[in-house]
Amino acid sequence: QAQLVESGGGLVQSGGSLRLSCAATGFTLEYYAIGWFRQAPGKEREGVACISSDPGPTDYTDSAKGRFTISRDNAANTVYLQMNNLQPDDTAVYYCSIASKGRNAYCRGYWQGLFGSWGQGTQVTVSS
């Protein structure tokens, strides 16, 4: 069974850090583009970061640039989102997603359009 499972969320004070994990089972993650998205109450789902099929570029939404880093550990079959200097506006449920087209997808242009399926997510809460 192919599955992505998010973990690593929690409660952190403003300025703190968290590392989210997106662990894959049932397929080899390095061949696929993975996106991190978030959704706060009453808000639309927002693309946060994207990592391409390996090798390929990464990209971030403007509010994440300089603070968040997406990376891949092929041995662990896991994609990470390192989040530093967290702010209350980062509070949301965070989801990872695999590109719907399958293998060989790349984070170029409007990469948010590559993704359309979601799991349970992991809650990130940042206090002021």
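Numbering of residues begins at 1 and proceeds along the displayed sequence.
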Evaluate the criterion side chain to side chain contact (heavy atoms under 4.5 Å, CB included) for residue pair Thr91 and Arg38; output intermediate values, then yes/no.
-> CA-CA 9 Å; Thr91 296; Arg38 65 189 178 190; over 6 Å; no
Stepwise side chain to side chain contact (heavy atoms under 4.5 Å, CB included) test for Trp118 and Arg45 = CA-CA 11 Å; Trp118 321 102; Arg45 196 186 308 271; 3.5 Å; yes
List the steps, then state whether side chain to side chain contact (heavy atoms under 4.5 Å, CB included) holds for Ser63 with Gln87.
-> CA-CA 10 Å; Ser63 66; Gln87 302 298 311; over 6 Å; no
Output, in order, the C-alpha distance, side-chain angles, deciding distance and verdict of side chain to side chain contact (heavy atoms under 4.5 Å, CB included) for Val93 and Glu6.
-> CA-CA 10 Å; Val93 178; Glu6 303 96 337; over 6 Å; no
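The two atoms that bring Cys107 and Ser52 nearest to each other are N-OG, 2.8 Å, heavy atoms only. Shown here for Gly116 and Ser100, the closest heavy-atom pair between the two residues is N-OG, 3.6 Å. For Ser17 against Asn84, the heavy-atom pair with the smallest separation is OG-OD1, 2.9 Å. In terms of heavy atoms, Ser128 sits closest to Ser14 at CA-CB, 4.3 Å. Counting all heavy atoms, side chain and backbone alike, Asn74 lies closest to Arg72 at OD1-CD, 2.7 Å.
The disulfide (SG to SG under 2.5 Å) analysis of residues 74-103, with sequence neighbours excluded, yields the pairs Cys22-Cys96.
By the neighbour-count criterion of 12 heavy atoms within 6.0 Å, atom NZ of Lys43 is sparsely surrounded, having that number or fewer from other residues, nucleotides or ligands. Within 6.0 Å of CD in Gln120 there are 12 or fewer heavy atoms belonging to other residues, nucleotides or ligands.
Neither Tyr80 nor Trp111 shares a network with the other; the hydrophobic side chains, linked directly or stepwise wherever heavy atoms of I, L, V, M, F, W or Y lie under 4.5 Å apart, form separate groups for each. Tyr106 and Phe37 are members of different hydrophobic clusters when ILVMFWY side chains are connected at heavy-atom separations under 4.5 Å.
Using a 4.5 Å cut-off between side-chain heavy atoms of Ile, Leu, Val, Met, Phe, Trp and Tyr, Ile70 falls into a hydrophobic cluster with Leu4, Val12, Leu18, Leu20, Phe27, Leu29, Tyr31, Tyr32, Ile34, Trp36, Val48, Ile51, Tyr60, Phe68, Val79, Leu81, Met83, Leu86, Tyr94, Ile98, Val124, Val126.
Here the side chain of Asp73 pairs no donor or acceptor atom with the backbone of Thr78 at under 3.5 angstrom.
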